[in-house]
2 protein chains.
Amino acid sequence: MALGKDYATQQCSIARALEVVGERWTLLVIRDALYGVRRYNDFLVHLGIPRAVLAARLQTLTAEGILEKRRYQQSPPRDEYVLTARGIALWPTLRSLGLWGREHLTDVRLRTFRHADCGTELGPYGECPACGTVVPVEDVLMEPGPGLDPDPADPVSRAFLVPRRLLQPLETDQV
Amino acid sequence: MALGKDYATQQCSIARALEVVGERWTLLVIRDALYGVRRYNDFLVHLGIPRAVLAARLQTLTAEGILEKRRYQQSPPRDEYVLTARGIALWPTLRSLGLWGREHLTDVRLRTFRHADCGTELGPYGECPACGTVVPVEDVLMEPGPGLDPDPADPVSRAFLVPRRLLQPLETDQV
DNA sequence: CTTGTAAGTTCGGTCATTGAACCAAGGTCG
DNA sequence: CGACCTTGGTTCAATGACCGAACTTACAAG
C-alpha cells in the first residue's frame with residue numbers, strides 16, 4: 001500500500017484518495033482505462049509495468065470499486081477490466097494533472113481533448129467552453145498531437161495515433 | 001523517483017507529472033504547503049513522515065521548481081519552503097482529488113473551501129459558482145468541517161481548526 | 001501433439017521507505 | 001561557563017515494494 005496506516009491518521013480526503021490511487025502505476029492504469037484499455041495484456045505492453053505489479057493493481061482497483069472485472073468470453077475464459085462510475089469520476093483529476101504537466105513540465109502538446117459534439121477543445125477541468133457544459137467522458141475526443149512518436153512499438157500506442165473517444169473499448173485484434 | 005526511467009518512455013503529460021509529484025508523500029507535502037505550512041518541523045509533525053523522506057522530498061520539490069527555499073531568519077540560520085507559481089498551479093488537481101475522495105471514499109465533510117470575498121462554497125474545480133470566476137488560491141477560505149477531531153495532538157492540526165486562507169503562512173509559535 | 005495466446009504466479013535481486021539514533025549550529029537558562 | 005533546548009537535518013539497519021525473468025494454467029489451432 002502506498003501509504004498504509006500512515007495516511008489513515010490523516011483527516012483529509014486527499015490523503016484518503018491517495019491511499020487508494022496513490023501507489024505507483026495506479027493512476028496510469030486508470031488513465032489507460034479511460035483511454036479504452038481493458039485487457040491485462042494491453043495494459044502490460046502499453047505501460048511497461050511488471051506483470052506482478054499490474055496484477056496487484058488490478059486487484060486493488062477492483063476491490064476498491066474503481067474497476068470491474070468482467071468475463072468477455074467463456075472459452076478460453078478471459079476477463080477484462082472496465083471502469084466503474086467511481087473510476088470515471090477521476091477524469092477531472094487526471095485532466096488537470098495532465099494539463100499541469102503539459103504547462104509546467106513538457107511544453108509539448110502530446111494530445112488534445114475536444115468535445116466530440118462541437119469540436120471545441122476542452123477547458124482546464126474537462127468542460128466545453130463553447131457549450132458551457134461539463135462534457136460527459138464518453139463524449140470527449142482524444143486526438144494525437146505533434147509531439148507523439150509516429151511509429152511506436154506497441155499496438156496500443158499505435159491505436160492511439162488516430163482520434164478516439166474516451167472509454168471506447170480498444171480492440172487491438174482489429175488493428 | 002516514483003517511476004524513474006520507466007515513465008520517461010511514456011509519451012504523456014500525466015506520466016511526466018507523476019514522475020515529479022507521484023512519489024509517496026509528495027502530494028501531501030504540496031497540500032500542506034497550500035494550507036500554509038512552510039517549516040520542516042511543521043511538515044514533520046503534521047504529516048508523520050520519516051525525517052529522511054521529508055528532507056528528500058523537499059529537496060526534489062525545490063529542484064523541480066515547485067517549492068522555493070528561503071531564509072526567514074539569519075541567526076540562527078533557518079530556512080522555510082514556499083510554493084512557487086508552479087506549485088500553486090497544482091491546487092485544481094488537489095482540489096479535484098480531494099473532492100473525489102470525499103464523494104467516493106469518506107462521505108464525511110472534513111473541510112469546506114469558500115470564496116473569501118463572497119462566502120460561496122467553491123465548485124468542483126476551485127471556481128466560485130456565484131461570481132463565475134476562478135478564485136485565486138490566496139482568496140480561498142478553508143473551514144474546518146464536522147468530521148474533524150476537535151482536539152488533535154499536533155499544533156499544525158490545531159491551527160487548522162479555525163478558518164484560514166490558503167497560502168497564509170502558518171505561525172505555530174504564535175498559537 | 002506441438003505450438004501459441006491470454007492471464008496470471010513465483011522467485012531472487014535491487015531499490016525505497018521506515019523509525020530510531022545521532023549530529024550540528026546556534027540560542028537560553030541558571 | 002555549562003547544560004539543555006530548538007531547528008533542521010544525516011546515518012544506518014531492517015523491512016517492504018518493485019523489478020525482470022522464468023514458470024504455470026487453460027484453452028485453441030494446425
Side-chain angles (χ1 to χ4, degrees), chain A residues 1-9 18-19 22-29 32 37-62 67 69-82 154-156 170-175, chain B residues 1-9 18-19 22-29 32 37-62 67 69-82 154-156 170-175:
Chain A
M1 180 158 294
L3 318 142
K5 61 180 177 4
D6 296 279
Y7 283 33
T9 70
L18 287 172
E19 275 183 55
E23 284 179 302
R24 217 191 147 171
W25 296 110
T26 300
L27 280 175
L28 293 183
V29 170
D32 273 16
V37 177
R38 294 179 166 201
R39 318 237 279 234
Y40 182 92
N41 245 295
D42 289 340
F43 286 111
L44 199 69
V45 300
H46 189 234
L47 292 173
I49 181 177
R51 307 178 82 89
V53 176
L54 176 59
R57 294 295 180 276
L58 291 174
Q59 215 183 338
T60 305
L61 287 172
T62 303
L67 294 177
K69 187 175 187 170
R70 73 162 68 133
R71 178 125 324 171
Y72 68 88
Q73 72 178 31
Q74 291 299 334
S75 167
R78 293 280 183 266
D79 297 317
E80 62 183 5
Y81 296 88
V82 186
D154 69 287
V156 179
L170 190 74
E171 298 294 339
T172 36
D173 308 336
Q174 304 171 9
V175 177
Chain B
M1 179 160 294
L3 318 141
K5 61 176 177 3
D6 297 279
Y7 284 32
T9 70
L18 287 172
E19 275 183 56
E23 284 180 302
R24 218 191 146 170
W25 297 108
T26 300
L27 281 174
L28 292 184
V29 169
D32 273 16
V37 177
R38 295 181 164 199
R39 319 238 279 237
Y40 182 92
N41 245 294
D42 289 339
F43 285 111
L44 199 69
V45 300
H46 189 235
L47 292 172
I49 181 177
R51 309 177 80 89
V53 177
L54 176 58
R57 294 295 180 275
L58 291 173
Q59 215 182 340
T60 305
L61 287 172
T62 303
L67 293 177
K69 187 174 186 170
R70 74 161 69 133
R71 179 124 325 170
Y72 68 87
Q73 70 177 33
Q74 292 299 334
S75 166
R78 293 280 184 265
D79 297 317
E80 62 184 4
Y81 295 89
V82 186
D154 69 288
V156 179
L170 190 73
E171 298 294 339
T172 37
D173 307 336
Q174 304 172 7
V175 176

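Computed from a prediction, not measured in an experiment: that's the story for all the values here.
Straight-line distance from the CZ atom of A:Arg24 to the P atom of C:dT14: 18 Å, rounded to whole Å. In this structure, A:Tyr72 places its OH atom 14 Å from P of D:dC27, rounding to the nearest Å. Between the CG atom of A:Asn41 and the P atom of D:dC27 there is a distance of 18 Å, rounded to whole Å. The distance from atom CG of B:Leu54 to atom P of D:dT10 is 10 Å, rounded to the nearest whole Å. One atom, CD of A:Gln73, and another, P of D:dC27, lie 12 Å apart when rounded to the nearest Å. The CD1-P distance, from B:Ile49 to D:dG8, rounds to 15 Å in whole Å. The nearest whole Å value for the distance from the OH atom in A:Tyr40 to the C1' atom in C:dA7 is 6 Å. What separates OH of B:Tyr81 from P of D:dT7 is a distance of 15 Å, to the nearest Å.
Side chain of B:Ala52, nearest nucleotide from C:dA7, C:dG19, D:dT7: C:dG19. Of the candidates D:dG8, C:dT18, C:dG8, C:dG8 carries the atom nearest the A:Ala55 side chain, counting heavy atoms from C-beta on. If you check D:dG8, C:dA7, D:dC18 against the side chain of A:Arg57, the one that comes closest is D:dC18.
Once rounded to the nearest 0.5 Å, the distance linking CG of A:Leu47 with CG of A:Asp42 reads 10.0 Å. The line from OG1 of A:Thr60 to CD of A:Glu19 is 12.5 Å long, rounded to the nearest 0.5 Å. Note: A:Leu67 CG to A:Glu80 CD = 11.0 Å, rounded to the nearest 0.5 Å.
Taking side-chain N and O atoms only, B:Trp25 has a distance below 4.0 Å to OP1 or OP2 of C:dT18.
Applying the side-chain hydrogen bond (donor to acceptor under 3.5 Å, both in side chains) criterion to A:Arg70, with sequence neighbours excluded, gives no partner residue. A search for side chain to side chain contact (heavy atoms under 4.5 Å, CB included) contacts involving B:Gln73 returns B:Pro76, B:Arg78, not counting sequence neighbours. In this structure, A:Asn41 has no side-chain hydrogen bond (donor to acceptor under 3.5 Å, both in side chains) partners at least two apart in sequence or on a different chain.
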Distances for protein N/O vs nucleotides 26-30 of chain C N/O pairs under 3.5 angstrom?
{"from": "C:dG26", "atom 1": "O3'", "to": "B:Ser75", "atom 2": "OG", "distance (Å)": "3.3"}
{"from": "C:dG27", "atom 1": "OP1", "to": "B:Ser75", "atom 2": "O", "distance (Å)": "3.4"}
{"from": "C:dG27", "atom 1": "OP1", "to": "B:Ser75", "atom 2": "OG", "distance (Å)": "2.2"}

Between the protein and nucleotides 1-4 of chain D, which nitrogen or oxygen pairs come in under 3.5 angstrom?
none

When the side chains of residues 50-59 of chain A are checked against the rest of the protein, which donor-acceptor pairs come out under 3.5 Å, sequence neighbours left out?
{"from": "A:Arg57", "atom 1": "NE", "to": "A:Arg24", "atom 2": "O", "distance (Å)": "2.7"}
{"from": "A:Arg57", "atom 1": "NE", "to": "A:Thr26", "atom 2": "OG1", "distance (Å)": "3.4"}
{"from": "A:Arg57", "atom 1": "NH2", "to": "A:Arg24", "atom 2": "O", "distance (Å)": "3.3"}

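Using modelled atom types, one finds a donor on one side chain and an acceptor on the other under 3.5 Å when comparing A:Tyr72 with A:Arg39.
Taking the side chain as every heavy atom from C-beta outward, B:Tyr81 and B:Lys69 approach each other to under 4.5 Å. Contact annotation: the side chain of A:Ile49 never approaches that of A:Phe43 to less than 4.5 Å [non-hydrogen atoms, C-beta and beyond].
You'll find a donor-acceptor pair under 3.5 Å spanning the side chain of B:Arg51 and the base of D:dG8, going by distance alone.
Counting non-hydrogen atoms under 4.0 angstrom, B:Val53 reaches a base of the nucleic acid. Among the heavy atoms of the strands, none lies under 4.0 Å from A:Phe43.
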